[in-house]
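To start, the structure under review is shown below, and the notes come after it.
Residue numbers begin at 1 in each chain, while the letters A, B, ... track the order of the sequences. Just so it is clear, the values below take in all heavy atoms, side chains as well, and ignore hydrogens, waters and symmetry mates.
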Amino acid sequence: MKLELDRALKSAVQKCFDNGRLKETVLPDYVIEVPNNPDHGHFATNLPMALASSQKRRPIEIAKTIVDHLSDSEGFIERAEIAGPGFINFVVSSGQWYQVLSGIITLRDDYGKSEMATGEEVLVEFVSANPTGPIHLGHGRGAALGDTLCRILSFTGHKVVREFYINDAGLQIRLLGESIYCRWRQFSEPGYPFPENGYQGGYVKSLANEIAEEFDLDSLQQEEAVSRCADWGSEKMLTELKRDLADFRVQFDVWQKESDLYAAGLIEASQEILREKGQSYEKDGALWIKTSLHGDDKDRVIRKGDGQYTYFASDISYHMEKWKRGFSKAINIWGADHHGYVRRVKAALKTNGIDENWLNVLFIQLVKLWKGGEEIKMSKRAGHYVTLKELVEEVGVDAVRFVFLTKSHDSPLDFDIDLVKKHDSDNPVYYVQYAHARICSVFRKAASEGITLPPRTDQISDRLTLDEEMALIRVMAEFPALLEDISRSLEPHRLTYYLTELAALFHKYFNLGSKIPENRIVGEDVTLSQARLSLAEGIRIVLHNGLDLLGIHAPERM
RNA sequence: GCGCCUGUAGCUCAGUUGGAUAGAGCAGCGGACUUCUAAUCCGCAGGUCCCGUGUUCGAAUCGCGGCAGGCGCGCCA
């Protein structure tokens, strides 16, 4: 709808240029937006004000000139008014809005899809937790964000690949092995020393128990036993991690192992390229990459003095590999404590001539858990932390995902367990789900009275005349554009706010009927009831599609 | 010291990328169920948008300078 307005606006301005009423210039940046204040019409543009400086005329005069040249052969615009310092406010005719409603009902599950990025391939890498322990709340937040982002990007026409990077080549897997081995030894020798930075969590003891049942560790040399513990333990944790994520409704297309990059010789290959391009050098027995030439604070080591590659080395290869796979955009979701890392990764990409804007890194800020009015302190080192699985078991997937997606990802999140556990109005998830269930309930009521959706909504939708009804349609009309905005800004939390707003409008509308029976959706007048059922169906579809993109169920009863 | 993020109602946060009178939930107070689901709705109250300054028709939003909080600055991963 905005597009059609824009077209009318542009052609009006062109006419003014042609007949000399306005000085011909390049069009400045301007917006067409939905005003906050309903008195300002359905849409407003600031174009006259944006033109003012180049025209050297008062915005109001320019607005008048443009409005005089607006032609509207299809009866699209009901009114165009000049307001304030030089806005043009548009009121779109009701018929246009009714068409939106019929469109929603026709498209159903496809409503909100768009072609904005047809075929554009995007790689989203998220969670990427080390398989050395259960996934915690920070990972969960990243999972919810990444998964929802992928769902939305797919909806707006992107070809999305969801990827999980497994850091299985570094020291931490070895450390997991040592931790398990030590716990196993401690069964017989309680004083056996625990590795300095070993994993303290209780799950390590469970792993030690299990592996002792499966393998005869006694028969192995210590070195061999530790390595067996490492391999077996990380596989076990990976399996668990996949299951926890699946239970959280998060799926991946690719599980990329760091060790496979080594096995395929990609680390050496990418270093060779850097050397050929003169982007690396040897110093103090180590190999360095010249990231300082590309915006990093200093050069970085990629191969240590002992001949081992750094984590950074494999990450460079990994990102170059992503690039070679042909994605037009890469999105990484990282914990905020890694923010210092992004500059050097981008710098490394630039040494290979890759535009730094190709890589988009979203940072997840900390999740704090509250219960009984007190913060539950978490420490991964000491093994004191609440896992995603535990939280989900306590409050359910729907609630956890919703709360994770109510805040901007770069704002710290306080998760109040008590609030989310409540099965009443305090729980933000139920508010939206309840609107959906309520609509389903209205349909059951209507069916019991023999009233169903009309075959052609457009023939009776002019019976929708209440302000609340038109407001609902206008909000529903914004859904596709919202999803496109989210795809550009990578801010899925805006969807939760949108759905809450739509649900609020519906609840308000529904309650009109408790005061005045004529305002009930299902009433005496069958045609009116059918028109209102169409409206309710449109709302239900948008709520359903929106919740689906959030990975949250839309219940028919509550 | 340098870098990134944050600062908006008592609390937790939105604010459509520079628009018109800054919003929501929770907490507080007062109302609405013989009714399509009260897991809802209506009303009241609540503001130095951290401070200062600049840019312009116009700033919570952009620039600069501060202040406060969080995080990060390894030949760790």
Applying the Watson-Crick and G-U wobble criteria at under 3.5 Å, what pairs with B:G63? Answer none if nothing qualifies. B:U53
Nucleotide-resolved protein contact map, nucleotides 7-12 of chain B, B/S/- at heavy-atom distance under 4.0 Å: -----S
Shortest side-chain distance from A:Asn511, nucleotide among B:U37, B:U35, B:C41: B:C41
Please report, rounded to the nearest Å, how far the P atom of B:C71 is from the NE2 atom of A:His409. 19 Å
Would you indicate whether A:Glu282, at its atom CD, is surrounded by more than 12 heavy atoms from other residues, nucleotides or ligands within a distance under 6.0 Å? yes
Between A:His493 and B:G15, does any side-chain N or O lie under 4.0 Å from OP1 or OP2? yes
Taking NZ, NE, NH1 and NH2 as the nitrogens, is one of them in A:Asp414 or A:Lys407 under 4.0 Å from a carboxylate oxygen of the other? no
Is there a Watson-Crick or G-U wobble partner for B:C4 with both distances under 3.5 Å, and if so, which one is it? B:G70
Under a 4.0 Å threshold between the charged nitrogen and the carboxylate oxygen, would A:Glu163 count as salt-bridged to A:Lys322? no
Distance between C1' atoms of B:C64 and B:G25 (Å, rounded): 36 Å
Stacked pair A:Tyr341-B:G72, distance under 5.5 Å, angle under 30°: no
Expressed in whole Å, how much space separates the C1' atoms belonging to B:U61 and B:G46? 24 Å
Does the ring centre of A:Tyr434 sit less than 6.0 Å away from the ring centre of A:His507? yes
Can you tell me the distance, in whole Å, between the CZ atom of A:Phe87 and the C1' atom of B:U21? 13 Å
What nucleic acid atoms does A:Asn46 come within less than 4.0 Å of, heavy atoms only: base, sugar-phosphate, or nothing? base
If only side-chain N and O atoms of A:Lys368 are considered, is one of them under 4.0 Å from the OP1 or OP2 phosphate oxygen of B:G70? no
Using a 4.0 Å heavy-atom cut-off across all strands, classify A:Ala52 as base, sugar-phosphate, or nothing. nothing
Using Watson-Crick or G-U wobble geometry with both distances below 3.5 Å, tell me the partner of B:U48, or none. none
Determine whether more than 12 heavy atoms belonging to other residues, nucleotides or ligands lie under 6.0 Å from atom NZ of A:Lys368. no
Starting from C1' on B:C4, measure out to CH2 on A:Trp334 and report it in whole angstrom. 13 Å
Gap in Å between the two C1' atoms, one belonging to B:C49 and one to B:A14, rounded: 13 Å
Taking only the C1' atom of each, what is the distance from B:G15 to B:A38 in whole angstrom? 30 Å
Listed by chain and number, what are the side-chain hydrogen bond (donor to acceptor under 3.5 Å, both in side chains) partners of A:Arg275, not counting sequence neighbours? A:Glu272
Selection from B:U37, B:A20, B:C36 that lies nearest to any side-chain heavy atom of A:Tyr434: B:U37
5' priority, RNA chain B, between A:Ser411 and A:Ile521 [closest heavy atom]: A:Ser411
Does a side-chain N-to-carboxylate-O contact under 4.0 Å join A:Glu478 and A:Arg474? no
Given B:G19, B:A39, B:A77, the nucleotide with the shortest approach to the side chain of A:Met558: B:A39
May I ask you to verify whether the side chain of A:His338 and the base of B:G72 hold a donor-acceptor pair under 3.5 Å? no
Check this for me, if you would: do A:Lys2 and A:Asp6 make a salt bridge, where the nitrogen-to-carboxylate-oxygen distance has to be below 4.0 angstrom? no
Just compare B:A77, B:C75, B:A20 and give me whichever is closest to any side-chain atom of A:Val301. B:C75
Phosphate oxygens OP1/OP2 of B:C41: is one of them under 4.0 Å from a side-chain N or O of A:Tyr431? yes
Any side-chain N or O of A:Lys508 below 4.0 angstrom from OP1/OP2 of B:C42? yes
Checking one value: the base orientation of B:C4, syn if chi is within 90 degrees of 0, otherwise anti. anti
Any strand: nucleotide that pairs with B:U17 via Watson-Crick or wobble, under 3.5 Å: none
Gap in Å between the two C1' atoms, one belonging to B:A20 and one to B:G1, rounded: 45 Å
Which one, B:A20, B:C57, B:U35, comes nearest to the side chain of A:Met49? B:C57
Distance, rounded to the nearest Å, where A:Lys304 contributes NZ and B:C75 contributes C1': 7 Å
Hey, does the side chain of A:Asn36 come within less than 4.0 Å of B:A20's phosphate (OP1/OP2), counting only N and O? yes
Base orientation of B:U16, chi within 90° of 0 counted as syn, else anti, reads anti
For B:A32, give its Watson-Crick or G-U wobble partner with both distances under 3.5 Å, or none. B:U40
First encountered from the 5' end of RNA chain B, between A:Ser408 and A:Ala503: A:Ser408
When you measure only distances, ignoring hydrogens and angles, does the side chain of A:Asn197 come within 3.5 Å of the base of B:A77 through a donor and an acceptor? no
Taking OP1 and OP2 of B:A38, is either one under 4.0 Å from a side-chain nitrogen or oxygen of A:Arg438? yes
Between atom CZ in A:Arg343 and atom P in B:G3, what is the gap in whole Å? 8 Å
Side chain of A:His339 only, please: which of B:A77, B:C36, B:G3 is the nearest? B:G3
Are the ring centres of A:Tyr165 and A:Trp255 closer than 6.0 Å? no
Would you classify A:Ala44 as touching base, sugar-phosphate or nothing, given that sugar-phosphate means primed atoms plus P, OP1 and OP2, and contacts are heavy atoms under 4.0 Å? base
Nearest listed nucleotide, side chain of A:Leu171, among B:U16, B:C76, B:C36: B:C76
In whole Å, what is the span from the CG atom of A:Leu499 to the C1' atom of B:A24? 14 Å
Considering only the C1' atoms, how many Å lie between B:C62 and B:C44, rounded to the nearest integer? 38 Å
Using the C1' atom in both, what is the distance from B:U56 to B:C11, to the nearest Å? 37 Å
What's the closest nucleotide to the A:Asp284 side chain, out of B:C75, B:C5, B:A20? B:C75
Which residues share a side-chain hydrogen bond (donor to acceptor under 3.5 Å, both in side chains) with A:Lys257, sequence neighbours left out: A:Glu235
For A:His507 and B:C36, give me the distance from atom NE2 to atom P, rounded to whole Å. 17 Å
Does B:G10 pair with anything, Watson-Crick or G-U wobble, both distances under 3.5 Å, and if so, with which nucleotide? B:C26
For A:Ile451, is there any backbone N or O sitting under 3.5 Å from a side-chain donor or acceptor partner on A:Gln530? no
A:Gln172, nearest nucleotide to its side chain (from B:A38, B:A77, B:C75): B:A77
Using the P atoms only, state how far B:G31 lies from B:C71, rounded to an integer number of Å. 46 Å
So, does A:His42 use its side chain to make a donor-acceptor pair with the main chain of A:Val92 at under 3.5 Å? yes
What's the closest nucleotide to the side chain of A:Tyr430 if the choices are B:C75, B:A20, B:A39? B:A39
